[in-house]
Amino acid sequence: VIHSRIIQELKINSFLALGYSSPNPPVACVITDEENNILSSAYTQKAGLNHAEREAYQKLGENFNAPHNLYITLEPCSHFGRTPPCIDLILSKNPKKVYLGELDPNPLVRVRDSLNLLKNNNIPFEFSKEIRDISKEFLIGFFFRIQKNQPRIFIKSAVSKEGFFKSKVQRRNKISNSYSDTLSQCIRQSIDAIIVGSTTVKLDNPKLNFRGVNSIHSYTRPKSDIYFSTLIHIMEDQKFIDEINKRNNQPYRIFVISGNNFPDTDFFIEQKKLGIDKTIFIVINKIGHDSSELIKSTTTNPIYYSTQLYLRETILEISNFFQFNNLLIEGGNSLYKLFYKHLEKEDKIIEIISTTSIEVGEKPIWHGEKTLLSYDSFQINNDLWKIKGV
Ligand SMILES: NC(=O)c1ccc[n+]([C@@H]2O[C@H](COP(=O)([O-])OP(=O)(O)OC[C@H]3O[C@@H](n4cnc5c(N)ncnc54)[C@H](OP(=O)(O)O)[C@@H]3O)[C@@H](O)[C@H]2O)c1
């Protein structure tokens, strides 16, 4: 049994890596002495910078050679990528024992097998179920990309107390409370890209950027969902809030644009201010020359043309090209529909049930579906967050 302190530290570091380390896997590493005291902990940095193991050893200084154990959520890398292999560093530090979560699905690592190298150097290692649960939660998006060429999907929707995510009258509704908003912001910076449908772009002028997190008050804890229970822990500690705000990790912002429902110029002006390197536009239905020029001036990325019929394929193609591990669908029903029927059991539907009332409206597509499971729920002030999945 691994000490709960170590498990907690691995969860926190995994969460902090999520999104930030992309497209590299969000790996966490803990180094302890032989009495389970944590000497160092770290997570994989931005692409091209340190992996979790190197970062954790670096914190102890170059001359560190005390007896220690190593805990890592993923098998250490053994190939020369943008950084030298972590396994060589580990061999040179000669830990007493290495505890691991998952095998690396990347075929490149099997050429020079880290596990064989540990064995040949008489360093015992073991795969632990408790670490594997953490790896499964945080690394699954990376595994999906490598193994299935698709990202892990998060679908998020705020609904009124009657279950409506939008009102019949076409207007922007503020549904969830401000503490839910700060949680949503923390989710955004952990995700590689966020996408919204064409009517949502037209009506809401959504920004989709990460604007910072604050502490939250009066809430209950998730019972089993590792992502959300760690998210709450992160938001309870000002040190992590400061770290996340300082890093300012921004997701890609993907907008479906329809010629039938073209957004106002203000939307493009706002997006330009937020930075055009992380905007991606998918155009469905015909648009005029001026509209196309306006889009071109709002992104450094190619403009994608699609139809409602192929929209999901286009989105998956873009996700592969940009190497997204996790994708967040923020609505509305056109995108909910496209992705709902393809959901995998590791994907998540996040439904935020507020106390706001909408008299006549529309429910998200999954409402009334008998096969949908409720995995967890917790209260953020008077909003009820329900985590569902297939
Ligand atoms: N509560 C929340 O969390 C939340 C989140 C996001 C949005 N919203 C609200 O939701 C509303 C927009 O959602 P929405 O569902 O109306 O629109 P949407 O998903 O943003 O976009 C719908 C558009 O997609 C196109 N489309 C083509 N085939 C479709 C199909 N089979 N089903 C649906 N759409 C298809 C249509 O555009 P064309 O007619 O141009 O072909 C349609 O107008 C807004 O009021 C927004 O404020 C709420």
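Counting starts at 1 for both ligands and their atoms, following the listed order.
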Colleague: For the residue pair F267 and F281, categorise the inter-ring angle as parallel (less than 30°), tilted (30 to 60°) or perpendicular (more than 60°).
Modeller: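 F267 vs F281 ring planes: perpendicular.
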
Colleague: Would you please name every residue forming a side chain to side chain contact (heavy atoms under 4.5 Å, CB included) with H289, sequence neighbours left out?
Modeller: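 Partners of H289 by the side chain to side chain contact (heavy atoms under 4.5 Å, CB included) criterion, ordered by chain and then number, come out as E293.
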
Colleague: So which residues, sorted by chain and number, lie with a heavy atom under 4.0 Å of ligand 1?
Modeller: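 Close residues (ligand 1, cut-off 4.0 Å): S157, A158, F165, K166, R171, I175, G197, S198, T199, T200, L203, D204, S258, N260, N285, Q308, E330, G331, G332, N333, S334, Y336, K337.
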
Colleague: Any chain of hydrophobic side-chain contacts (each under 4.5 Å) joining Y57 to L100?
Modeller: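 They do share one cluster, since a chain of ILVMFWY contacts under 4.5 Å joins Y57 to L100.
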
Colleague: Taking NZ, NE, NH1 and NH2 as the nitrogens, is one of them in E330 or R253 under 4.0 Å from a carboxylate oxygen of the other?
Modeller: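 Here E330 does not pair with R253 in a salt bridge, since their nearest N and O are not under 4.0 Å apart.
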
Colleague: Not counting sequence neighbours, list each pair that qualifies as a side chain to side chain donor-acceptor pair (under 3.5 Å) and has a residue in residues 350-359.
Modeller: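 Only E162-S357, E351-W366, E351-H367, E351-K388, S354-T356 qualify under side chain to side chain donor-acceptor pair (under 3.5 Å).
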
Colleague: List, one per line, each side-chain donor-acceptor pair under 3.5 Å for residues 119-126, sequence neighbours excluded.
Modeller:
from	atom 1	to	atom 2	distance (Å)
N120	ND2	N116	O	3.2
N121	ND2	L117	O	2.7
E126	OE1	K97	NZ	2.6

